[in-house]
Amino acid sequence: MRSAVLSLPLLAVGAVAQAENLYTATATSAVYAAQATAKTLSNTSNVKGKAFDRFVVVWLENTDYDMAHGDENLNWLAKQGITLSGYHAVTHPSEPNYVAAIGGDYFGMQNDDFNQIAKNVSTVIDLLEDKGISWAEYQEDMPFSGFSGKAWVNQKNGKNDYVRKHNPAVIHNSAASQIDRLASMKNLTMFYEDLKNDALPQWMFITPNMTSDAHDSDIQTAGTWTRSFLEPLLNDKKFMKNTLVLVTFDENETYSIQNRILGILLGDAVPKELAGTTDSNFYNHYSEIATVEANWDLHTLGRFDVGANVFQLVADKTGDQIRTWSGELSQRYFNFSYAGVFNSHGGNRRYPAPNLSSCGGKTHNRTILPAIKELWKGSTAPVYYTPKLEIPDGLNPPSGFAPVV
Ligand SMILES: *[C@@H]1O[C@H](CO)[C@@H](O)[C@H](O)[C@H]1NC(C)=O
Ligand SMILES: *[C@@H]1O[C@H](CO)[C@@H](O)[C@H](O)[C@H]1NC(C)=O
Ligand SMILES: *[C@@H]1O[C@H](CO)[C@@H](O)[C@H](O)[C@H]1NC(C)=O
Ligand SMILES: *[C@@H]1O[C@H](CO)[C@@H](O)[C@H](O)[C@H]1NC(C)=O
Ligand SMILES: *[C@@H]1O[C@H](CO)[C@@H](O)[C@H](O)[C@H]1NC(C)=O
Ligand SMILES: *[C@@H]1O[C@H](CO)[C@@H](O)[C@H](O)[C@H]1NC(C)=O
Ligand SMILES: *[C@@H]1O[C@H](CO)[C@@H](O)[C@H](O)[C@H]1NC(C)=O
Ligand SMILES: *[C@@H]1O[C@H](CO)[C@@H](O)[C@H](O)[C@H]1NC(C)=O
């Protein structure tokens, strides 16, 4: 492992190794050189959860709720599990939604740029590792584990394949600055390798390529891909180990309407009697973090994860309270970003601090990760995270973070 890393030219010229920039080169020769040496890690663990022992997320792209719900293959999948009809994205375009799903905020991002989130911003990965729960990402057609460049195209036809903006972990320097974490950001070839070896982790985030996920194609293509990927796994004992699968989308397509997307929960962790049912509670991408926290009794990030609803079937086992959105939800569009560090229109560019005294109130009893408390203690940065379900959007920004439009 170490020798592979030390042989890189960056170190040969005496520069300080910055793991987060180690694998950003996109020239074909650089990619193939790194592919030959980059480390791949397949951590496993077996920590019992209250409602599931494995969580698998599959993200598709840019499709309005009705279009997704109407797709024949997604509909087939929905019949095997629970349809989430009140699931919302948090903004447009893609990248901030991916970021939010593991970090608990998008820090004003309103673009799909080569963004790097500061190392002192923690993610669900820190929470999982804190409890010894193994994790990995599987990004279809990523050329090698830990590749951090902006994109990689199909070498035969030049079409888009892998894009950094759909890889939430690599955008966070808290993950991209550690070799073992880079080594856990893998491609789908490695998924099948890990499956064969019975070496899949307990938490995984799966991103199909730009054709498979509907971005450069259509919902029929993505529906077909998703069913052909998942259907064999539904009966695979190496995959189904009290597993909860969430299939969802980053955002819906039409910017002028509310950003509601389809969510489907599947797997052997879904009780049989719930197959074919609909759960219409309000969820958003922060629910992905909150659900995992509740299931394994993790600490929190002290950001929007704290107030998010936990998926009902999990909340039923953890005692979390599900709340309804107070106020007029139909007037909340979640269709553009408030200001923040990554907002290229300007405005307030400070990182907000996590809410160090955050607690779940009557909803749950989880507390912030001690390491996050340590990192941010004494910070004078603004705090805008409350334990409430209601989150801001571009039209209803946090105080001091009005967007420049
Ligand atoms: C997937 O990643 C592995 C590990 O880095 C690499 O060896 C392999 O070539 C990659 N597969 C594809 C299809 O790019
Ligand atoms: C995307 O993945 C599918 C299979 O999952 C593959 O057929 C296709 O060649 C890949 N890339 C592109 C650009 O379509
Ligand atoms: C892998 O597992 C080891 C041993 O449990 C742990 O210390 C390490 O944090 C894990 N790393 C990742 C990236 O999961
Ligand atoms: C968000 O949706 C509202 C309501 O349809 C619309 O007025 C506004 O222009 C949209 N904003 C963007 C950036 O699309
Ligand atoms: C996007 O979400 C809105 C609100 O939930 C929904 O009414 C709309 O149908 C979705 N877009 C389309 C065109 O389906
Ligand atoms: C931080 O969380 C606490 C406890 O949940 C809450 O009472 C407080 O209002 C929050 N702080 C801010 C600035 O929202
Ligand atoms: C939080 O802990 C208290 C004291 O142990 C307990 O009474 C309460 O039910 C817990 N609340 C939840 C939502 O788990
Ligand atoms: C976190 O990192 C950002 C960016 O480097 C910096 O501006 C901020 O002061 C840091 N906060 C703390 C508490 O270290």
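When a ligand or atom number is given, it counts from 1 through the structure's own listing order. Below, each value reflects all heavy atoms present in this structure, side chains not excepted, and no hydrogens, waters or symmetry copies.
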(request) Measure Met142 to ligand 1 on non-hydrogen atoms and call it side chain, backbone, both or neither using the 4.0 Å cut-off. (result) backbone
(request) Would you check whether Lys159 has a nitrogen or oxygen atom less than 3.5 angstrom from a nitrogen or oxygen atom of ligand 2? (result) no
(request) Give the residue, atom name and distance (to 0.1 Å) of the protein heavy atom nearest atom 13 (C) of ligand 1. (result) Thr189 OG1, 3.5 Å
(message) Could you work out, for atom 14 (O) of ligand 1, the closest of Pro143, Ala36, Ala38 by heavy-atom distance?
(response) Pro143
(message) Applying the side chain to side chain contact (heavy atoms under 4.5 Å, CB included) criterion to Trp152, which one of Thr26, Val163, Thr28, Asn160 satisfies it?
(response) Thr28
(message) Closer than 4.0 Å and a protein heavy atom, does any atom meet both conditions relative to atom 9 (O) of ligand 8?
(response) no
(request) With heavy atoms only and a cut-off of under 4.0 Å, state how Asn160 meets ligand 2: side chain, backbone, both or neither. (result) backbone
(request) Tell me, please: is Val121 in heavy-atom contact with ligand 8, that is, under 4.0 Å? (result) no
(request) Using the six-membered ring of Phe114, assess whether NZ or CZ of Arg164 lies under 6.0 Å from its centre and within 45 degrees of the ring axis. (result) yes
(request) Mind listing the closest non-hydrogen atom pair of Thr91 and Met109 along with its distance? (result) CG2-O, 4.5 Å
(request) Can you pull out the closest protein heavy atom to atom 4 (C) of ligand 1? Residue, atom name and distance to 0.1 Å, please. (result) Thr40 OG1, 3.5 Å
(message) Donor-acceptor check, side chain of Ser45 to backbone of Val47, threshold 3.5 angstrom: yes or no?
(response) no
(message) With heavy-atom distances below 4.0 Å as the criterion, list the atoms of ligand 8 near Ala118.
(response) 2 (O), 4 (C)
(request) Could you tell me whether Glu140 approaches ligand 2 through its side chain, its backbone, both or neither, with non-hydrogen atoms closer than 4.0 Å? (result) side chain
(request) Please write down residue, atom name and distance for the protein heavy atom closest to atom 1 (C) of ligand 2. (result) Asn209 ND2, 1.5 Å
(request) To the nearest 0.5 Å, tell me how far Ile133 CD1 sits from Asn46 CG. (result) 10.5 Å
(request) To the nearest 0.5 angstrom, please state how far the CG atom of Leu182 sits from the OG atom of Ser145. (result) 9.5 Å
(request) Report, in ascending order of atom number, the atoms of ligand 8 lying under 4.0 Å from any heavy atom of Leu375. (result) 13 (C)
(message) Is the terminal nitrogen or CZ of Arg54 (NZ for Lys, CZ for Arg) located under 6.0 angstrom from the six-membered ring centre of Trp203 and within 45° of that ring's axis?
(response) no
(request) For atom 11 (N) of ligand 1, find the nearest protein heavy atom and state the residue, atom name and distance (0.1 Å precision). (result) Asn187 ND2, 3.0 Å
(request) Using distance alone, determine whether Ser145 and ligand 1 share an N or O pair under 3.5 Å. (result) yes
(message) Using a plain distance cutoff, I'd like to know if Asn120 has any nitrogen or oxygen under 3.5 Å from a nitrogen or oxygen of ligand 8.
(response) yes
